[in-house]
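Structure record follows, encoded as C-alpha cells.
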Amino acid sequence: MLALSGISVHFGDRQVLHEADVTVAEGELLAVLGANGSGKSTLLRAAAGLVPHTGAVTVSGRERGRLDVALIFQQIHLVRRRSVLDNVCAGALGRLPLRESLVPALFPRAVREEAMACLDRVGLADRAHDRAGSLSGGQQQRVAVARALCQRSRVLLADEPVSALDPAAAEQVLALLAELAHAERLAVLAVLHQPELAARHADRIVGLRDGHVVLDGDPGQPVGSLYSYPVLETTS
Ligand SMILES: Nc1ncnc2c1ncn2[C@@H]1O[C@H](COP(=O)(O)OP(=O)(O)OP(=O)(O)O)[C@@H](O)[C@H]1O
C-alpha cells in the first residue's frame, strides 16, 4: 500500500538517505530500526512529504496525497486544555469545510460520533470528556492514535511513538498499532529504538545504517550489526 522507491535525501552537501526502497503492505506493521543518526526519522519524514527528497512515494499505486498519511510523534501534540474528544475530532480538520475547521466547537455531530468510535477503538471512550492534559503519557499517545484514525488515512507513520513511555505503556501502544494494522487493514510504519518490541509486535523490520537500507525481513532476526559502533581509541 505504501511504497517508497529510490528515496534519497540531502541536507546541504550531505546525503543522509541513499535510494531507499521500503514498502508497507495493507494490514502490516513495519518497524524501522537503526542507530542514532542512521536516517530513520528522515525516511519517515520523506514518506510524509515533510522533507525534500528524490524518488517516489505512492499510496495504493498513486502519488501520495495530503490526507493519505497520518502522523504520530514521540512528543504527543495534544491540546492539553481541550477535551480528549475535541483532540480526536481535530483529526478530521483536513476534510472539513473551512468554517467548521476554524471553530472547533462546531465539529458536526457526525465527526463527534466518529471520534467517539475512534476513542472506543483505543479503549478510552470513558475519558472522552476529560481534559487531555489530565491523562497519562500512555493514554495521551492512545488519544493521538485515535486522532490519527479519525483522519481516515490508510497509512499511519509513527516516529518513536513509545520512546517517552514506560515499558508497560509502550507494550500497550505497540500492541494497539499492530492490532489496528491487522484489523483495520492499515499500513503502519513505526520508527523504533527497541528491537525487542519490534520482535514482539512488528510483522517485518527494516534496518538502516548510514542512510542505507541494510536489512529487510523477519522481526526476530539478529539486529546487533545495526548498532555496532567503532571502538573509540583512548589514550591514558
Ligand atoms: N534538518 C536537518 N538538517 C541537517 N541535517 C539533518 C536534518 N535532519 C536530520 N539531519 C541529519 O540527518 C542524519 C539522519 O538523521 P535522522 O534524524 O533521520 O536519524 P535517526 O535515525 O532518526 O536518528 P535518531 O535515532 O537519533 O532519532 C543525521 O546525521 C542528522 O544529523
Side-chain angles (χ1 to χ4, degrees), residues 2-24 28-59 64 66 68-77 137-138 140-141 144-145 148 155-167 169-171 173-174 177-178 181 187-219 221-232:
L2 173 69
L4 312 181
S5 314
I7 302 293
S8 293
V9 174
H10 291 78
F11 289 116
D13 291 343
R14 211 164 135 242
Q15 184 165 5
V16 301
L17 212 53
H18 300 260
E19 302 198 358
D21 293 323
V22 175
T23 59
V24 193
E28 182 176 56
L29 170 59
L30 174 80
V32 178
L33 302 173
N36 290 133
S38 57
K40 305 179 298 296
S41 295
T42 302
L43 179 78
L44 180 141
R45 287 163 62 207
L50 297 176
V51 62
H53 58 85
T54 55
V57 180
T58 60
V59 174
R64 178 211 50 237
R66 188 171 63 87
D68 280 339
V69 302
L71 292 160
I72 298 164
F73 297 100
Q74 174 184 353
Q75 299 301 333
I76 306 158
H77 302 285
Q140 289 190 32
Q141 193 58 293
V145 173
V155 177
L156 293 191
L157 303 175
D159 197 359
E160 298 185 28
V162 300
S163 291
L165 306 183
D166 71 39
E171 288 288 345
V173 167
L174 266 189
L177 290 176
V188 183
L189 181 156
V191 168
L192 294 180
H193 269 301
Q194 304 89 340
E196 67 288 353
L197 280 180
R200 277 201 289 285
H201 297 286
D203 300 299
R204 191 160 57 85
I205 57 172
V206 156
L208 286 178
R209 194 176 171 114
D210 298 329
H212 296 269
V213 174
V214 293
L215 181 158
D216 185 345
D218 178 4
Q221 68 188 285
V223 294
S225 64
L226 296 176
Y227 302 99
S228 57
Y229 293 94
V231 176
L232 292 177

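Values in this document were obtained by computation on a predicted structure and should not be read as measured data. Both counts, for ligands and for their atoms, begin at 1 and track the order of listing.
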Problem set entry | Heavy atoms of other groups near Gln15 CD, more than 12 under 6.0 Å | yes
For this session: Return yes if some donor-acceptor pair links the side-chain N/O of Lys40 with the main-chain N/O of Val32 below 3.5 Å, else return no.
Result: no
Seminar exercise, completed: Ser163 meets the side chain to side chain donor-acceptor pair (under 3.5 Å) criterion, sequence neighbours left out, with Glu160
Exercise. Of all residues at least two apart in sequence or in a different chain, which pass the side chain to side chain donor-acceptor pair (under 3.5 Å) check with Glu171?
Worked result: Arg200, His201
Problem set entry | Neighbouring protein residues of ligand 1 - any heavy atom closer than 4.0 Å | Phe11, Arg14, Val16, Ala35, Asn36, Gly37, Ser38, Gly39, Lys40, Ser41, Thr42, Arg45, Glu160, His193
Problem set entry | Which residues share a salt bridge (charged side-chain N to carboxylate O under 4.0 Å, His left out) with Asp216, sequence neighbours left out | Arg204
Problem set entry | Pairwise distance CG(Leu165) to CD(Gln74) - rounded to 0.5 angstrom | 8.5 Å
